[in-house]
Protein chains: 2
Amino acid sequence: MPNRPDQGTSAADSEDTSAGGGPLNIGLLCFIVQRSMEDRVLADLAAAGFDDITVAQARVLARVGAKGTRLTDLAEQARVTKQTATFMVDQLERAGYVSRLPDPVDARARLVTFADRGLAAREVARRTEVVVQEEWTRHLGRRATVRLHQLLTQLREITDPYQ
Amino acid sequence: MPNRPDQGTSAADSEDTSAGGGPLNIGLLCFIVQRSMEDRVLADLAAAGFDDITVAQARVLARVGAKGTRLTDLAEQARVTKQTATFMVDQLERAGYVSRLPDPVDARARLVTFADRGLAAREVARRTEVVVQEEWTRHLGRRATVRLHQLLTQLREITDPYQ
DNA sequence: CTAGAATGGTTCGAAAATCTGACTACTGTC
DNA sequence: GACAGTAGTCAGATTTTCGAACCATTCTAG
């Protein structure tokens, strides 16, 4: 296993300031948590046969709503440009995860919606999310997890430029 | 301003399941928060004259410790391969942000350390981090912010493969 | 109702980021 | 001192991302 973004085999040598032993800032902590969930979901997807699909694609796919989502909205929520989103949706469409349907209320727009393969993948992803959240709940405790979720949601009010 | 990862101008149309109106999972919430901090720091860096330096570079730079950090450690913490980290450090070095010094205790290794420009940038970044955290604290309240930090730190215990 | 501004999306081309594979140099072990 | 493992780099290819330019449709002000 010579490559792959290394999954920390090394012993934690306690550094200091910037990054290291000290308390990390909330942004950095969120990075760690977010990345962990992402990795888990992606790994389970791959294991379930959805082994095409990259992180970048998944980040867009994860934001497709049940009734379909506009490309612009996908771009905003995934924090990429429309061009990037277009490119990702192209790939996802070619791979059978999503379809582009005309938006009934706006002829300029098209709704990105789940195709069969996308629905199947979403199911796997959801299951993993549940499993992981349960692990986290086991570690933190029920009430603490609820509190964490609530605090993050509250923080979202001022950190999410979209909504 | 025709491009740039769009900063949510649109009205939040309440979607449903997957991504949308419903409560987001903790991973996704963390993404939003993390990304917000990152954007703020990067914007302030650019405003302060550190306008070369990309997100990817910053993610590596942010993990350089005061006493220097090995490339492998940088890679693990930033969750990229050693090759990618090498590439980033190359650029950061060329731009004067870091230096590579021989590791006194291991001749194979080299310590990535802050150069003058890197120290200056770090100062700006830190200041922004403080400002942003204060904003967050104003929004959440002192105790809640402390609690959030504590919960995330606790969650890190099981989500951070490195340490 | 229509001209002009704004919005949703795409195409093109280039730059940036990331990965796999293969390799060198040094460490540590037995 | 051979050998397995670790630190880092080089080379090449692929993927991701962005900026600019553009078309079609919608919205808005007169």
Side-chain angles (χ1 to χ4, degrees), chain A residues 1-11 13 35 38-39 42 46 51-61 68-95 98-112, chain B residues 1-11 13 35 38-39 42 46 52-61 68-76 78-95 98-112:
Chain A
M1 206 180 298
N3 257 317
R4 207 170 317 284
D6 292 316
Q7 296 285 336
T9 328
S10 62
D13 62 311
R35 195 58 198 266
E38 200 169 66
D39 288 352
L42 228 58
D51 52 349
D52 53 346
I53 213 177
T54 64
V55 198
Q57 287 168 27
R59 282 182 189 154
V60 170
L61 185 60
T69 307
R70 292 189 184 178
L71 188 98
T72 304
D73 295 335
L74 290 179
E76 283 179 355
Q77 291 175 44
R79 309 292 229 116
V80 294
T81 57
K82 289 191 298 179
Q83 294 93 313
T84 301
T86 298
F87 186 63
M88 291 301 135
V89 171
D90 283 348
Q91 298 182 136
L92 289 168
E93 192 173 31
R94 240 178 288 123
V98 301
S99 311
R100 277 188 248 231
L101 304 178
D103 186 332
V105 307
D106 189 337
R108 290 169 302 181
R110 306 168 72 179
L111 291 176
V112 178
Chain B
M1 205 180 298
N3 258 317
R4 207 171 317 285
D6 293 316
Q7 296 283 339
T9 327
S10 63
D13 63 313
R35 194 60 197 265
E38 200 168 66
D39 289 352
L42 228 59
D52 53 345
I53 211 177
T54 63
V55 197
Q57 287 168 27
R59 282 183 189 153
V60 170
L61 186 59
T69 307
R70 291 189 185 182
L71 188 96
T72 304
D73 295 335
L74 290 179
E76 283 180 355
R79 309 291 230 118
V80 295
T81 57
K82 287 191 299 179
Q83 292 91 321
T84 300
T86 298
F87 186 62
M88 291 302 134
V89 171
D90 282 348
Q91 298 182 134
L92 289 168
E93 192 173 30
R94 240 178 288 122
V98 301
S99 311
R100 277 187 248 231
L101 304 179
D103 185 332
V105 307
D106 188 338
R108 292 169 301 179
R110 307 168 72 179
L111 290 177
V112 178

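Sequence lines set the chain letters: A, B, ... in the order given, protein chains first and strands last, and positions in each chain run from 1. Reckoned from all heavy atoms, side chains included, excluding hydrogens, waters and symmetry mates.
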Check: Would you say the side chain of Q83(A) and the base of dG19(D) hold a donor-acceptor pair, judged only by whether the two atoms sit under 3.5 Å apart?
Finding: yes
Notebook entry, point to check: Between R108(A) and T54(A), which is nearer to the 5' end of DNA chain D once each is assigned its nearest nucleotide?
Noted result: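 Its nearest nucleotide being more 5', the pick is T54(A).
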Check: Heavy atoms under 4.0 Å, any strand shown: does R100(B) hit a base, just sugar-phosphate, or nothing?
Finding: sugar-phosphate
Next item on the list: Please name all residues satisfying side chain to side chain donor-acceptor pair (under 3.5 Å) with T84(B), sequence neighbours left out, ordered by chain then number.
Entry: T81(B)
Next item on the list: State which residues pass side-chain contact (heavy atoms from CB on, under 4.5 Å) with I53(B); sequence neighbours excluded, sorted by chain then number.
Entry: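 I53(B) satisfies side-chain contact (heavy atoms from CB on, under 4.5 Å) with Q57(B), L61(B), L92(B), Y97(B) only.
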Item checked: Sequence-distant partners of D103(A), side-chain contact (heavy atoms from CB on, under 4.5 Å), two or more places apart -> R70(A), V105(A), D106(A), A109(A), L111(A)
Note to self: Suppose we screen for salt bridge (charged side-chain N to carboxylate O under 4.0 Å, His left out). Which residues come up paired with R59(A), at least two apart in sequence or across chains?
What the structure shows: E38(A)
Note to self: Please enumerate all residues that pass salt bridge (charged side-chain N to carboxylate O under 4.0 Å, His left out) together with D52(B), with sequence neighbours excluded.
What the structure shows: R117(B)
Notebook entry, point to check: Should L101(B) and R110(B) be marked as a side-chain contact (heavy atoms from CB on, under 4.5 Å) after you check the CA-CA gap, both sets of side-chain angles, and the distance that decides it?
Noted result: CA-CA 5 Å; L101(B) 304 179; R110(B) 307 168 72 179; over 6 Å; no
Check: Quick one: bend of the helix from dC1(C)-dG30(D) to dC30(C)-dG1(D) from 5 pairs per end, to 10°?
Finding: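 It works out to 40° between the end axes.
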Check: Between atom CG of L71(B) and atom NZ of K82(B), what is the distance when rounded to the nearest 0.5 Å?
Finding: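 One gets 8.0 Å once the value is rounded to the nearest 0.5 Å.
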Notebook entry, point to check: Looking at OG1 of T72(A) and CD of Q77(A), how far apart are the two atoms once the value is rounded to the nearest 0.5 Å?
Noted result: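 Interatomic distance, T72(A) OG1 to Q77(A) CD, rounded to 0.5 Å: 11.0 Å.
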Whether [X] contacts [N] is assessed here as follows: a side-chain N or O lying under 4.0 Å from the phosphate OP1 or OP2. Is that the case?
{"X": "R110(B)", "N": "dT9(D)", "value": "yes"}
{"X": "T72(A)", "N": "dT7(C)", "value": "no"}
{"X": "R70(A)", "N": "dT7(C)", "value": "no"}

Kindly point out which of [options] is positioned nearest to the side chain of [X]?
{"X": "T81(B)", "options": "dG19(D), dC19(C), dA6(C)", "answer": "dC19(C)"}
{"X": "D106(A)", "options": "dT17(D), dA17(C), dT25(D)", "answer": "dT25(D)"}
{"X": "A107(A)", "options": "dC19(C), dT6(D), dT26(D)", "answer": "dT26(D)"}

Check: Please give, in whole Å, the distance from dG9(C) P to L101(A) CG?
Finding: 12 Å
Check: Do you know which two heavy atoms are closest between A58(A) and L42(A), and how far apart they sit?
Finding: CB-CD1, 3.6 Å
Checklist line | Any residue of residues 84-92 of chain A with a heavy atom less than 4.0 Å from an atom of DNA chain D | finding: T84(A), F87(A), M88(A), Q91(A)
